[in-house]
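Step one of this worksheet: look at the structure below.
When a residue number appears, it is its place in the shown sequence, counting from 1.
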Amino acid sequence: MAQNGGDGNDGGGAATNSKKFEAPQPHSVKEQLPGIQYCINSSPPWPEAIILGFQHYLLTLGITVLIPSIIVPQMGGGNTEKAAVIQNLLFVSGLSTLFQSFFGTRLPIVVVGSYAYLIPVTSIIQASRYTSYSDPYERFVRTMRGIQGALIGAAFFQCTIGFLGLWRNAVRFLSPLSVVPYVTFTGLGLYHLGFPMVGDQISVCMTAHGKYLKTVLLKSFIVLFPVVDNFSATAAISCYMILADSFLFPHLIKLAKCVEVGLPGIILMVFISQFLPRYLESKRSLCGRFSILFSVSITWLFAQLLTSTTVYKHKPENTQISCRTDRAGLISTAPWIYLPYPFQWGSPTFNAGDAIVMMAPAFVSLFESTGTFFAAARYGSATPVPPSVISRGAGWLADLYTLLFNSENVGLLALTRVGSRRVIQISAGFMIFFSIFAKFGAFFASVPLPIVAAVYCVLFSFVSSAGLSFLQFCNLNSFKTKFILGFSFFMGLSVPQYFREYFHGGWRSAHPTGLFSDIVVVIFMSHTTVAALVALFFDLTLCRENDESRKDIGLNWWEKFSFYKSDVRNDEFYALPFRLNKLFPSI
């Protein structure tokens, strides 16, 4: 019996060993991302579409409130002027979003003010021709007119690059390999708007000589500006961005943190969107689709609870300004009805130097917006955007009030799995509505910035991963591919940090800078621009020599999307409405 048992065991082992193990197989390549429940041309039911559009509107408030909160106090304006600038920016953003959805790329993209324009705008603010005004309101009006004049010059530059097809010819040199860092850094390059803002560090930066910079405490951010005449505005903003990046050098003194509000926001956002759907079965994935509303509402109520209790009663004033929900200064100063109109502060004034410097962030926004277009097309379950459509969309990003760009809303497309164009158009309607009925808009704009930053931590991760998805078309076993990816990623992080920390660091350089220096700093402080240029250079010089190299970078597959007529699906996603394609054909 024992012998028979042994034979039986041996036979079972032989049978087990005879089974064939399946070799690992690569996942199938997908030109269009599966799993998107509503693509660009489809739309959810109207009630759901309205709620989704409102979520996109909420996301626009973060950067829309932040930019005026940074620049308006330095221009001499108060809370009334800040509220007016926010309403104007929101109104123009809504119009630009509608233009982009109808006549631009037609992708589901919400357009807001760009963070890249802070350096040249601050340089204009600190110009002696404006600081000489003793009356704060007069200085605000004069500075605003000068900024508008510079933005108009930059807008014509971007329109020329876009509508004349110059950017189309440049984008045609891209391959899937060079698109990876391009799109990835569109989200990853904005890491300073994530957890550093959740902690909401308010700091004082000292120069190498020990002189303190003047600190201007805002709703939930701090801007650093010089108190010495030979300290440039560029150096001040560079120092500010180092603080935002949370590089804590001995020269930084932390005064306040709002991590007790921001960190629960991150945890709640991740739990509702990723873990809760596992326990609540729903065909429409309501938890992930409306996680922004749920997490922001709960965290806002928690922040209001902290404000109403005695938690901040004995805290320093700086902490209260940053963390309380009643210190924004927007609701009390915003009018009930406000109708934005062009040049309400007077005719723009033009300065050649200001316009040239403002063209640098316009150039940067071309790179950043292109990365956003590719990510939005991916999450809208569309084919890769043809270069002619990208160039058309870049031209529509420029307007005569401000130049615009946005990426966090692309992350919301992935989170909700709704890439509908109609949802974005509804969001634009909310932006225009709340810019006119300013009192209601001010209520939502008073959301503490650490709460918005908590949402950014999740959404920017989706934007970054959209770029990594293009690796499926590349050969990752090629050492050239590994080098280009690794080098472009490293330089995309390292070079901007060099320009922030050393070239114009507040404690390393106390010398005035000129026009050329400001242009260089603006361009090379952009993670997306640096990573894209490095990847494209080595892509063109190392990977185009033979068919095998071209196949390794996915160029053989990519070439069919280089021309609009090469793929019949392009008309489905990118054709202009009202048969305008016949008047303005895409190439």
Side-chain angles (χ1 to χ4, degrees), residues 60-93 112-127 129-151 193 197 202 213-226 233-234 236-237 240-241 244 321-322 327-335 338 340-346 348-349 354 358 361 401-404 431 434-435 438-439 441-449 452:
T60 65
L61 296 177
I63 198 70
T64 303
V65 173
L66 173 61
I67 292 178
S69 297
I70 290 176
I71 64 175
V72 170
Q74 295 307 305
M75 297 166 61
N79 286 335
T80 301
E81 288 74 27
K82 182 174 71 173
V85 173
I86 291 174
Q87 300 311 123
N88 277 271
L89 187 58
L90 196 61
F91 183 82
V92 174
S93 298
V112 296
S114 174
Y115 190 73
Y117 291 86
L118 278 180
I119 289 179
V121 167
T122 306
S123 297
I124 295 175
I125 293 173
Q126 295 297 311
R129 60 182 178 276
Y130 300 121
T131 56
S132 59
Y133 290 97
S134 58
D135 180 42
Y137 182 75
E138 180 69 14
R139 182 190 175 195
F140 168 80
V141 171
R142 297 286 183 176
T143 307
M144 177 61 73
R145 292 167 62 184
I147 293 174
Q148 286 182 328
L151 287 172
L193 296 180
M197 284 172 56
I202 299 182
L213 299 181
K214 178 182 178 182
T215 59
V216 181
L217 299 177
L218 303 175
K219 168 189 171 185
S220 51
F221 242 71
I222 186 171
V223 189
L224 303 176
F225 288 97
T234 305
I237 280 291
Y240 155 72
M241 297 188 73
I321 291 176
S322 303
R327 297 298 182 91
L330 296 177
I331 299 178
S332 60
T333 57
Y338 175 82
Y341 57 92
F343 310 135
Q344 57 187 286
W345 292 288
T349 57
D354 293 344
M358 198 67 75
Y401 182 79
T402 183
L403 287 89
L404 306 158
M431 296 164 71
F434 285 115
S435 67
K439 189 71 73 172
F443 172 76
F444 295 109
S446 61
V447 176
L449 199 58
V452 180

>> Looking at every heavy atom in both Met75 and Ile125, which two are closest together, and how far apart are they?
In response: CG-CD1, 3.6 Å

>> For a quick test of reading the model, state the closest non-hydrogen atom pair linking Ser114 to Ile67 and the distance between them.
In response: O-CD1, 3.7 Å

> Short question: side chain of Arg145, backbone of Phe343 - any donor-acceptor pair under 3.5 Å?
Replying inline: no

> If you look at every heavy atom in Leu118 and Thr122, which pair is closest and at what distance?
Replying inline: O-OG1, 2.5 Å

> Can you name the one residue among Leu89, Val452, Ile86 that meets side-chain contact (heavy atoms from CB on, under 4.5 Å) with Val65?
Replying inline: Ile86

> Of all residues at least two apart in sequence or in a different chain, which pass the side chain to side chain donor-acceptor pair (under 3.5 Å) check with Arg142?
Replying inline: Glu138

> How would you list, by chain and number, every residue that makes a side chain to side chain contact (heavy atoms under 4.5 Å, CB included) with Tyr137, sequence neighbours excluded?
Replying inline: Glu81, Asp135, Phe140, Val141, Trp345

>> Measuring only between side-chain heavy atoms, which start at C-beta, is Pro361 closer than 4.5 Å to Met358?
In response: yes

> Which atom pair, heavy atoms only, marks the closest approach of Gln344 to Pro340?
Replying inline: NE2-CA, 4.2 Å

> Taking all non-hydrogen atoms of both residues, which atom of Phe444 and which atom of Leu61 are closest, and how far apart?
Replying inline: O-CD1, 3.4 Å

> Could you state the interatomic distance from CE (Met144) to CG (Asn88), rounded to the nearest 0.5 Å?
Replying inline: 7.5 Å

> For Ser435, what residues pass the side chain to side chain contact (heavy atoms under 4.5 Å, CB included) criterion, not counting sequence neighbours?
Replying inline: Gln87, Leu90, Phe91

>> Quick check for you: to the nearest 0.5 Å, what is the distance between Gln126 atom CD and Thr143 atom OG1?
In response: 9.5 Å

> Should Thr349 and Gln148 be marked as a side chain to side chain contact (heavy atoms under 4.5 Å, CB included) after you check the CA-CA gap, both sets of side-chain angles, and the distance that decides it?
Replying inline: CA-CA 7 Å; Thr349 57; Gln148 286 182 328; over 6 Å; no

> How long is the gap from OH on Tyr130 to CD1 on Ile147, to the nearest 0.5 Å?
Replying inline: 8.0 Å

> Looking at Pro73 and Pro68, what are the two nearest heavy atoms and their distance?
Replying inline: CD-O, 3.7 Å

>> Once rounded to the nearest 0.5 Å, what's the spacing between atom OG of Ser132 and atom CZ of Arg139?
In response: 9.0 Å

